[in-house]
*Asks:* 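First the structure, then my questions, so here it is.
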Amino acid sequence: MIKKAVFPAAGLGTRFLPATKASPKEMLPLVDKPLIQYAVEEAGNCGMEELLIITGKQKRAIEDHFDSAYELEDALTKKGKKDLLEMVRRLNHINFAYIRQRAPLGLGHAILCAKPFVKVEPFAVLLSDDVIDPEDSLLADMVGIATERDAPVVALEMVAEDDVEKYGIIEGKDEGGGIYRIKRLVEKPKPSEAPSRLGIIGRYILTPDIFDILETLPAGKGGEVQLTDALNRLAGRRPVYGYLFRGKRYDAGDKLGFLQATVELALKDKALGAAFREFLAGLMKDEFSSPHPRR
Ligand code: G1P
């Protein structure tokens, strides 16, 4: 059983400027929930209830969001708004801890900041930019593989050749059932240098021996300490696995991906879905039937 999960959230969010000038990217809402809440609920659904958020400057809204909101809860109780009350209280049983990453020195450095919290247990890492369809069981499947094989596991997706430069890419041996034994990992290679199209997506089950490597790891791609480089070293010492995810993932760290996630999640929303579908159908009809599409 893995109890602890780490959520790196110290990035500058430059792809969403100016929205992220004074507010955390992780608090941008997808329909009615901030991005990071999707990842937190995903971990909670796997029984992980000790969560660490790695924060940085301008990120205090995240702490407030996951805190109890006494005045709000009191007002909702008095008004008898039970549904809303239940919604704002839903995550109150989860323990949140926060550690500040003093400078954005890379994902590997962010994970190293988690060492005092994680101590000696295996733990999960969830990057909230990657939103996994709440109906999928990716994290639970990864926990199963990590436990059974007593090894770290990273989530993989088959990415387009033009996109290998956006991901950590693995070279691995297919062991069947979507599981790869990883031989090598490269952070954001050029398409001509990529060992495969198997890209790491933002879910990891890690073991605490990653910290020893991160402590002495030099900066890699982009001058940042890369988790991919640390995993590459780890794979030279012990088996490390990849698990090919075949479900739905949205790259909400990018404007187009964020819009796609918004539309698809809104279509699935119980309260909004039907009306939103009707709106989109009308919009599409206008767009494709008009000789002068609105652009
Ligand atoms: C990070 C990792 C990369 C991984 C990606 C998944 O990159 O460095 O290896 O493939 O997350 O989302 P980032 O997207 O933060 O630049």
Side-chain angles (χ1 to χ4, degrees), residues 5-16 20 24-26 28 35-36 38-39 42 53-56 59 101 103-114 124-133 138-139 142 152-172 180 182 184-191 193-206 210 213-214 217-235 240-245 247-258 260-261:
V6 177
F7 301 77
L12 298 175
T14 44
R15 281 189 275 179
F16 284 93
T20 49
K25 169 183 72 173
E26 294 75 12
L28 292 174
L35 212 49
I36 194 166
Y38 286 88
E42 190 183 331
I53 301 184
I54 307 289
T55 66
K59 301 283 183 170
Q101 187 183 12
L105 299 177
L107 179 59
H109 179 260
I111 300 304
L112 183 55
C113 293
V125 171
L126 292 91
L127 308 185
S128 54
D129 276 1
D130 282 317
V131 178
I132 304 296
D133 189 317
L138 172 62
L139 195 62
M142 292 173 71
V153 180
V154 304
L156 302 172
E157 199 178 85
M158 198 60 84
V159 301
E161 196 171 339
D162 288 347
D163 286 340
V164 293
E165 276 178 291
K166 295 186 194 162
Y167 297 92
I169 302 290
I170 69 130
E171 179 184 343
Y180 289 78
I182 297 181
R184 179 164 77 97
L185 304 92
V186 198
E187 179 68 359
K188 301 183 178 144
K190 292 199 182 82
E193 286 161 16
S196 74
R197 289 198 290 114
L198 291 166
I200 303 170
I201 56 170
R203 299 292 180 275
Y204 306 76
I205 306 293
L206 299 178
I210 198 77
I213 297 177
L214 286 168
L217 191 70
K221 194 97 187 178
E224 296 186 340
V225 179
Q226 297 294 351
L227 179 59
T228 304
D229 295 344
L231 285 165
N232 189 45
R233 287 199 184 180
L234 192 63
V240 175
Y241 294 94
Y243 176 60
L244 184 60
F245 179 53
K248 188 79 197 169
R249 172 191 68 109
Y250 306 100
D251 177 9
D254 156 277
K255 277 185 209 166
L256 183 61
F258 187 87
Q260 289 166 344

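Start at 1 and go down the list; that is how both ligands and their atoms are numbered. Computed from a predicted model, the values in this text were never measured in an experiment.
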*Asks:* Answer side chain, backbone, both or neither: which part of Asp129 comes under 4.0 Å from ligand 1, heavy atoms only.
*Replies:*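 Looking at Asp129 and ligand 1, no heavy atom falls under 4.0 Å.
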*Asks:* Please test Lys221 against Glu187 for salt bridge (Lys or Arg N to Asp or Glu O under 4.0 Å), starting from the C-alpha separation and ending with a verdict.
*Replies:* CA-CA 7 Å; Lys221 194 97 187 178; Glu187 179 68 359; over 6 Å; no
*Asks:* Closest heavy-atom contact between Met158 and Leu244?
*Replies:*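 It is N-CD1, 3.8 Å.
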*Asks:* Report the nearest protein non-hydrogen atom to atom 12 (O) of ligand 1: residue, atom name, distance rounded to 0.1 Å.
*Replies:*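 Here the nearest protein heavy atom works out to Asp130 OD2, 2.7 Å.
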*Asks:* Which of these, Ile213, Leu185, Leu206, sits in a side chain to side chain contact (heavy atoms under 4.5 Å, CB included) with Leu234?
*Replies:*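 Of the listed residues Ile213, Leu185, Leu206, the side chain to side chain contact (heavy atoms under 4.5 Å, CB included) partner of Leu234 is Ile213.
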*Asks:* Check Thr228 against ligand 1 and report side chain, backbone, both or neither, counting heavy atoms closer than 4.0 Å.
*Replies:*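 Near ligand 1, Thr228 shows its side chain, while the N, CA, C and O stay back.
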*Asks:* Near Tyr167, which atoms of ligand 1 are under 4.0 Å from a heavy atom of that residue?
*Replies:*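 The list of qualifying atoms is 10 (O).
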*Asks:* Looking at Val159, Thr228, Leu156, Ile200, which hits side chain to side chain contact (heavy atoms under 4.5 Å, CB included) with Ile169?
*Replies:*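 Testing Ile169 for a side chain to side chain contact (heavy atoms under 4.5 Å, CB included) against Val159, Thr228, Leu156, Ile200 leaves exactly one candidate, Val159.
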*Asks:* Using distance alone, determine whether Gly168 and ligand 1 share an N or O pair under 3.5 Å.
*Replies:*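 N/O-N/O distance under 3.5 Å: yes.
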*Asks:* Could you walk me through whether Asn232 and Val186 pass side-chain contact (heavy atoms from CB on, under 4.5 Å), step by step?
*Replies:* CA-CA 8 Å; Asn232 189 45; Val186 198; over 6 Å; no
*Asks:* Judged on heavy-atom distance to atom 13 (P) of ligand 1, which of Lys188, Lys166, Arg249, Glu187 sits nearest?
*Replies:*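 Closest candidate by heavy-atom distance is Lys188.
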*Asks:* Begin from the C-alpha positions of Phe258 and Phe16 and carry the test ring-ring contact (aromatic ring centres under 6.0 Å, His included) through to its verdict.
*Replies:* CA-CA 10 Å; Phe258 187 87; Phe16 284 93; 5.4 Å; yes
*Asks:* Establish whether atom 15 (O) of ligand 1 and some protein heavy atom are separated by less than 4.0 angstrom.
*Replies:*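 Protein heavy atoms within 4.0 Å of atom 15 (O) of ligand 1 - there are none.
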*Asks:* Check Lys25 against Lys59 and note the closest heavy-atom contact, atom names and distance.
*Replies:*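 In terms of heavy atoms, the two residues are closest at N-NZ, 4.3 Å.
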*Asks:* Pairs of nitrogen or oxygen atoms closer than 3.5 Å, one from Ile200 and one from ligand 1: do any exist?
*Replies:*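 Right, the criterion is met.
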*Asks:* Can you sort out which atoms of ligand 1 are near Leu127, meaning under 4.0 Å from one of its heavy atoms?
*Replies:*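 This gives 11 (O) as the contact atoms.
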*Asks:* Show, in sequence, the C-alpha distance, side-chain angles and deciding distance for Val125 and Phe7, and conclude whether the side-chain contact (heavy atoms from CB on, under 4.5 Å) test is met.
*Replies:* CA-CA 6 Å; Val125 171; Phe7 301 77; over 6 Å; no
*Asks:* Taking distance alone, with no angle check, do Tyr204 and ligand 1 share an N/O pair under 3.5 Å?
*Replies:*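 N/O-N/O distance below 3.5 Å does not exist for this pair.
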*Asks:* With heavy-atom distances below 4.0 Å as the criterion, list the atoms of ligand 1 near Gln226.
*Replies:*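 So the atoms of ligand 1 that pass are 8 (O).
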